[in-house]
**Student:** 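After the structure tokens below, expect a handful of questions from me.
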Amino acid sequence: MAGSHPAYADMPEDSIITNGFWLGKSAGFSIRPYRNADRAKIRHICCETGFLGNPIDAIFCDRELFADLMVNPYLDYAEDWAYVATHNGRVVGYLLGAPPSFDRYLVYAGSAATLRMLLKSVSGAYAHHPRSSQFVEWLLTHSFRERPRRPRQAAHMHLSLTGNMAPPMCGVMAPFQSA
């Protein structure tokens with residue numbers, strides 16, 4: 001049942017409603033709360049879409065550490081705010097949210113992943129991929145100044161969909177495609 005509230009009257013009968021929120025189900029698509037079994041797929045999608053919707057490999061070759069940096073804080077410390085999008089039962093995207101109090105966990109987990117990246121970089125582990133060392137340098141020297149600003153004590157989210165499920169980037173990639 002989609003729900004007895006009048007706001008739900010036009011929703012399909014197989015819609016998912018949780019705590020008053022419509023989580024959707026249409027044409028094989030659904031959005032549901034995160035489960036621990038989704039972790040590997042979320043990490044994979046993160047690395048497949050981590051560079052402006054494209055694979056991260058062009059600028060950083062260590063997918064494990066990239067996923068540690070970008071999604072582990074959300075899955076480890078804010079899993080109640082995590083949702084996955086599925087198509088015909090297959091995970092095709094995720095939404096990772098975080099409450100205002102999340103920043104301290106993000107700094108802690110992000111610092112740990114960045115330190116591991118730095119140690120690998122100075123040990124020569126990325127010598128075969130110079131852009132990886134440049135990425136680590138950028139993380140340490142520019143990332144905090146260049147990240148999008150948001151109000152203090154504001155919640156935020158991290159969203160990603162696999163390539164064939166994602167909307168077009170509306171020309172955002174054009175400057176990078178000739179590089």
**Student:** Measure the shortest side-chain to side-chain distance between Leu139 and Leu69 over non-hydrogen atoms and say whether it is less than 4.5 angstrom.
**Tutor:**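 Leu139 reaches Leu69 side chain to side chain.
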**Student:** Could you check whether any side-chain heavy atom of Tyr94 comes within less than 4.5 Å of a side-chain heavy atom of Asp38, counting everything from C-beta outward?
**Tutor:**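 They are not in side-chain contact.
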**Student:** Mind checking side-chain contact (heavy atoms from CB on, under 4.5 Å) for Leu115 and listing every partner two or more places apart, or none if nothing turns up?
**Tutor:**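 Listed in chain order: Leu119.
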**Student:** With rounding to the nearest 0.5 angstrom, report the NE2 to CG distance, His87 to Leu161.
**Tutor:**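 Reported value, rounded in 0.5 Å steps: 12.0 Å.
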**Student:** On a heavy-atom basis, which atom in Ala82 and which in Leu75 lie closest, and how many Å separate them?
**Tutor:**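 Of all heavy-atom pairs spanning Ala82 and Leu75, the closest is CB-CD2, 4.4 Å.
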**Student:** Could you give all pairs that pass the salt bridge (charged side-chain N to carboxylate O under 4.0 Å, His left out) test and reach residues 47-56, with sequence neighbours left out?
**Tutor:** Glu48-Arg63
**Student:** For Arg116, which residues count as a salt bridge (charged side-chain N to carboxylate O under 4.0 Å, His left out) partner, sequence neighbours excluded?
**Tutor:** Asp68
**Student:** Holding to side-chain hydrogen bond (donor to acceptor under 3.5 Å, both in side chains), I want the full list of residues that pass it with Tyr126, two or more places apart in sequence or in another chain.
**Tutor:**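 side-chain hydrogen bond (donor to acceptor under 3.5 Å, both in side chains) list for Tyr126, sorted by chain: Asp62.
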**Student:** For Ser133, check side-chain hydrogen bond (donor to acceptor under 3.5 Å, both in side chains) against everything at least two apart and list the hits.
**Tutor:**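 Partners of Ser133 by the side-chain hydrogen bond (donor to acceptor under 3.5 Å, both in side chains) criterion, ordered by chain and then number, come out as Ser121.
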**Student:** To the nearest 0.5 angstrom, please state how far the CG atom of Leu140 sits from the OG atom of Ser111.
**Tutor:**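 Leu140 atom CG to Ser111 atom OG measures 9.5 Å (nearest 0.5 Å).
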**Student:** Sequence neighbours excluded, which residues qualify as side-chain hydrogen bond (donor to acceptor under 3.5 Å, both in side chains) partners of Glu64?
**Tutor:**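 For Glu64, the residues satisfying side-chain hydrogen bond (donor to acceptor under 3.5 Å, both in side chains) (neighbours in sequence not counted) are Arg43.
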**Student:** Can you name the side-chain contact (heavy atoms from CB on, under 4.5 Å) partners of Asp80, sequence neighbours left out?
**Tutor:**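 Checked Asp80 against side-chain contact (heavy atoms from CB on, under 4.5 Å); zero matches.
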**Student:** Can you list everything that forms a side-chain hydrogen bond (donor to acceptor under 3.5 Å, both in side chains) with His129? Sequence neighbours excluded, please.
**Tutor:** Ser132
**Student:** Which residues satisfy the salt bridge (charged side-chain N to carboxylate O under 4.0 Å, His left out) test with Arg39, sequence neighbours excluded?
**Tutor:** Asp76
**Student:** For the residue pair Met117 and Lys120, establish whether any side-chain heavy-atom pair is separated by less than 4.5 Å.
**Tutor:** no
**Student:** Considering residues at least two apart in sequence or located in another chain, which fulfil the ring pair (Phe, Tyr, Trp, His ring centres under 6.0 Å) criterion with Phe66?
**Tutor:**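 Once residues adjacent in sequence are excluded, Phe66 has no partner under the ring pair (Phe, Tyr, Trp, His ring centres under 6.0 Å) criterion.
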**Student:** Tell me, please, which residues at least two apart from His128 pass side-chain contact (heavy atoms from CB on, under 4.5 Å).
**Tutor:** Cys61
**Student:** Please list, chain by chain and in numerical order, all residues satisfying ring pair (Phe, Tyr, Trp, His ring centres under 6.0 Å) with Tyr77, sequence neighbours excluded.
**Tutor:** Tyr105
**Student:** From Asp57 CG over to Arg131 CZ, what is the distance, rounded to the nearest 0.5 angstrom?
**Tutor:** 11.5 Å
**Student:** Which pair of heavy atoms, one from Asn36 and one from Glu79, lies closest together, and at what distance?
**Tutor:** OD1-OE1, 3.8 Å
**Student:** Can you give me the closest heavy-atom contact between Cys46 and Ala67, atom names plus distance?
**Tutor:**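 Closest heavy-atom pair between Cys46 and Ala67: SG-CA, 4.5 Å.
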**Student:** Knowing that exactly one of Phe51, Phe135, Trp138 qualifies, which makes a ring pair (Phe, Tyr, Trp, His ring centres under 6.0 Å) with Phe60?
**Tutor:** Phe135
**Student:** What closest approach, in Å, do Trp81 and Ala98 show between heavy atoms, and which atom pair accounts for it?
**Tutor:**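 Smallest heavy-atom distance, with atoms named: CE3-N, 3.5 Å.
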**Student:** How long is the straight-line distance from OG1 of Thr114 back to CG of Leu65, given to the nearest 0.5 Å?
**Tutor:** 9.0 Å
**Student:** Which atoms form the tightest heavy-atom contact between Ile42 and Leu96, and what is the distance?
**Tutor:**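 Shortest heavy-atom separation between Ile42 and Leu96 comes out as CG2-CD1, 4.5 Å.
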**Student:** If every non-hydrogen atom of Pro99 is compared with every non-hydrogen atom of Ala78, which pair is closest and at what distance?
**Tutor:**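 Pro99 and Ala78 have their closest heavy atoms at CD-CB, 4.3 Å.
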